[in-house]
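Take a look at the structure below.
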Amino acid sequence: MEHAIADLGVQVEKKRDDLDEFFDEFINSKPIFNDKSVLQSNYNPDKIQHREDYIKDIAKILAPALRKERPSNLFIYGKTGTGKTTCINHVLNKISNIAHTREIPLEVISINCKLKKVADTEYRIILEILKQLGREMPSTGISTNELYKELYDAIEQKKRTVLLVLDEIDSLIKKAGDEILYNLTRINPELKQAEISIVGITNDLTVMDTVDARVKSSLNEEELVFLPYNAVQIQDILGDRAIMAFHSEVLDEEVIPRCSAYAAREHGDARRALELLRFAGEIAEREGSDKVLPGHIDTADKKTERNRIIDVIKSQPKQFQLVNYAIIKTSMKEKHNLVTSKKTQIIEPTTTGAVYDYYNKVAKELGIVTLSLRRISDIIIELEVLGLINFKIVSKGRYGRTRFISVGLPKTLYKEVLDILREDLSIS
DNA sequence: CGAGATTCATGTGAAGTATACCTTTAGGCTTAA
DNA sequence: AAGCCTAAAGGTATACTTCACATGAATCTCGTA
């Protein structure tokens with residue numbers, strides 16, 4: 001007995017030593033970051049590299065606002081991480097500063113349509129615009145028409161030029177259709193003392209094909225396409241930010257080239273490159289390493305994709321998670337190899353019906369309300385929009401028509417995602 | 001044997017329902033004169 | 001009488017359901033070569 005206690009004592013003491021050591025090490029190790037915020041995606045740099053021409057273009061288009069004239073509507077296309085938002089913000093900041101100091105009446109409203117809580121329906125967008133105009137409105141209880149009237153009124157009362165920036169407008173169009181755009185473009189003729197210009201930003205070039213031709217032509221008064229950065233440019237950007245973000249001599253010289261190589265591999269996504277660099281730094285910090293090594297970039301690369309997917313999955317409502325779970329489960333099949341008689345798991349597309357059956361079964365077991373097939377069909381489409389799954393509609397002739405649904409995850413994540421879903425849904 | 005009809009499984013649009021919020025209104029109660 | 005609180009009534013958006021019809025190629029049917 002005594003012996004045991006003594007043993008325990010030793011163990012505790014030893015553990016404390018370990019911890020102490022760890023903390024000592026942590027404190028003594030040179031800090032990696034100087035200013036991490038520089039690498040955050042919402043950071044607005046003073047100078048934007050390799051985008052000077054675009055910035056000038058945007059400035060030219062929006063400049064009339066400073067003369068109390070209505071700038072043309074502007075549409076900006078470009079893949080993620082090509083600097084669209086950064087450039088626009090940069091120009092807008094400048095413009096509103098000038099407007100402010102010279103007392104030119106100008107109002108800038110900027111909305112990111114992708115932030116889900118903010119806005120994913122027509123109603124909520126208008127609500128958000130009104131909020132930024134300084135008019136809080138109830139989240140329900142008023143008809144959309146009423147809301148539009150309020151919007152006219154609010155803008156009219158401002159008696160100034162209003163620049164309305166809709167970032168990631170594609171996700172809005174996908175979810176709520178083009179009616180908002182149509183209505184917004186038609187506000188102008190009704191305004192007497194104010195004017196509104198719309199700046200739309202989108203990653204998805206194809207979405208605009210689906211909108212009404214009239215809307216399209218009136219929005220595309222001016223159009224700008226952002227081309228992706230190449231590896232060299234990304235390297236420049238990273239280098240620039242790294243100087244501010246990290247303490248000197250912390251980065252292994254291989255790190256930045258490798259980081260930009262990873263990002264360029266996709267399509268020149270600068271945001272991703274920065275994220276990767278920051279994450280690698282954090283990993284190095286956590287490991288207590290006093291240098292960021294290329295290996296850290298590799299780890300970060302693997303983990304960022306994973307984190308993104310897991311975030312998306314975790315933030316889904318229960319029903320969506322269940323459907324997702326059913327899709328993954330039904331797309332995994334066991335195959336007996338006749339020669340070796342071993343079981344191997346293979347992954348092949350499922351169908352709506354199979355998913356629905358499985359969904360029903362599990363939902364009943366869990367005591368969750370089961371939704372109709374119609375609704376599940378819509379949920380499947382929404383999961384596709386989120387990029388978690390892919391599907392195509394296939395007609396199997398005599399055997400009907402269905403979606404062939406496949407899971408859009410890297411194979412290595414299947415197990416983990418399943419575990420997460422199981423946990424969230426408390427499936428044993 | 002081939003053209004046209006049939007069939008299956010589910011896609012898809014429209015309309016209806018339940019629910020969650022929100023404002024307005026009508027009492028009902030309190031309070032101050 | 002005026003003020004204030006509360007509950008009921010009347011709106012709306014959203015998520016979901018129900019109903020009805022649309023799809024499209026494998027399969028079937030049947031007339032014809």
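Letters A, B, ... are given to chains in the order of the sequence lines, protein chains preceding strands, and every chain is numbered from 1.
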Problem - Listed once per pair and sorted, the salt bridge (charged side-chain N to carboxylate O under 4.0 Å, His left out) pairs that draw on residues 67-94 of chain A, sequence neighbours left out - result: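 As it turns out, the salt bridge (charged side-chain N to carboxylate O under 4.0 Å, His left out) pairs with a partner in residues 67-94 of chain A, which skip direct neighbours, are A:Arg67-A:Glu69, A:Arg70-A:Glu221.
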Practice task
Kindly state which residues belonging to residues 355-380 of chain A come within less than 4.0 angstrom of DNA chain B, counting heavy atoms of the residue only, listed by number.
Solution key: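 When residues 355-380 of chain A is checked for heavy atoms under 4.0 Å from DNA chain B, the hits, listed by number, are A:Arg374, A:Ser377.
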Problem - Residues which pass side chain to side chain donor-acceptor pair (under 3.5 Å) with A:Gln321, listed by chain and number, not counting sequence neighbours - result: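 With sequence neighbours excluded, A:Gln321 shows a side chain to side chain donor-acceptor pair (under 3.5 Å) to A:Asp424, given in chain and number order.
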Using 4.0 Å as the upper bound for N to carboxylate O, is an ion pair formed by [Y] and [X]?
| X | Y | result |
| --- | --- | --- |
| A:Lys392 | A:Glu384 | no |
| A:Glu416 | A:Arg306 | yes |
| A:Arg308 | A:Glu305 | yes |
| A:Lys56 | A:Asp53 | no |

Practice task
Determine whether A:Arg258 and A:His296 make a side-chain contact, defined as any pair of heavy atoms from C-beta on separated by less than 4.5 Å.
Solution key: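 The answer is no; the side chains never approach within 4.5 Å.
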Exercise for the section: Please identify each residue that fulfils ring pair (Phe, Tyr, Trp, His ring centres under 6.0 Å) with A:Tyr229, with sequence neighbours left out. Expected result: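 Counting only residues at least two positions away or on another chain, A:Tyr229 forms no ring pair (Phe, Tyr, Trp, His ring centres under 6.0 Å).
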Handout entry: Sequence-distant partners of A:Tyr148, ring pair (Phe, Tyr, Trp, His ring centres under 6.0 Å), two or more places apart
Key =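 With neighbours one apart ignored, the set is empty.
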Handout entry: Rounded interatomic separation in angstrom, taking OH from A:Tyr399 and P from B:dT6
Key =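 One finds 19 Å between P of B:dT6 and OH of A:Tyr399, rounded.
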Exercise for the section: Indicate the ring-plane relationship of A:Tyr358 and A:Tyr325, choosing parallel, tilted or perpendicular according to the 30° and 60° boundaries. Expected result: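 The arrangement is tilted - the two ring planes meet at 30° to 60°.
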Exercise for the section: Please work out whether the ring planes of A:Tyr356 and A:Tyr359 are parallel, tilted or perpendicular, with thresholds of 30° and 60°. Expected result: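 The arrangement is parallel - the two ring planes meet at less than 30°.
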Problem - Contacts of type salt bridge (Lys or Arg N to Asp or Glu O under 4.0 Å), residue A:Arg160, not counting sequence neighbours - result: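 A:Glu107.
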Practice task
Using the test salt bridge (Lys or Arg N to Asp or Glu O under 4.0 Å), find all partners of A:Glu222 that sit at least two apart in sequence or belong to another chain.
Solution key: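 For A:Glu222, no residue satisfies salt bridge (Lys or Arg N to Asp or Glu O under 4.0 Å) once neighbours in sequence are set aside.
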Exercise for the section: Go through A:His90 and A:Asn44 one step at a time and tell me if the side-chain hydrogen bond (donor to acceptor under 3.5 Å, both in side chains) criterion holds. Expected result: CA-CA 7 Å; A:His90 185 75; A:Asn44 265 334; over 6 Å; no
Problem - Gap separating the CD1 atom of A:Ile234 from the CG atom of A:Asn230, nearest 0.5 angstrom - result: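 Output value for this atom pair is 8.0 Å.
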Handout entry: DNA chain C contacts made by residues 385-397 of chain A, counting heavy atoms under 4.0 Å
Key =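 Going residue by residue through residues 385-397 of chain A, the ones with a heavy atom under 4.0 Å of DNA chain C turn out to be A:Ser395, A:Lys396, A:Gly397.
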Exercise for the section: For DNA chain C, find the residues of residues 145-156 of chain A with a heavy-atom distance under 4.0 Å and give them by number; none if there aren't any. Expected result: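 The stretch gives none, as no residue of it lies under 4.0 Å from the strand.
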Problem - A:Lys333 atom NZ, over 12 foreign heavy atoms within 6.0 Å - result: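 Enclosed.
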Exercise for the section: Output yes when a side-chain donor or acceptor of A:Gln132 lies under 3.5 Å from a complementary backbone atom of A:Ser110, and no otherwise. Expected result: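 At least one qualifying donor-acceptor pair exists.
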Problem - Nearest-nucleotide 5' precedence on DNA chain B, A:Thr352 against A:Arg398 - result: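 In this pair, the answer is A:Arg398.
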Practice task
Would you work out how much the helix from B:dC1-C:dG31 to B:dT31-C:dA1 bends between its ends, with each end axis defined by five base pairs, to 10 degrees?
Solution key: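 Angle reported: 30°, given to the nearest ten degrees.
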Fill in the blank from the handout: Expected string for nucleotides 18-24 of chain B under the B/S/- scheme (protein heavy atoms, under 4.0 Å, primed atoms plus P, OP1, OP2 as sugar-phosphate) is ---BS--
Problem - Start and end of the DNA chain C segment that chain A contacts, any atom under 4.0 Å from a heavy atom - result: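 The contacted stretch runs from C:dG11 to C:dT27.
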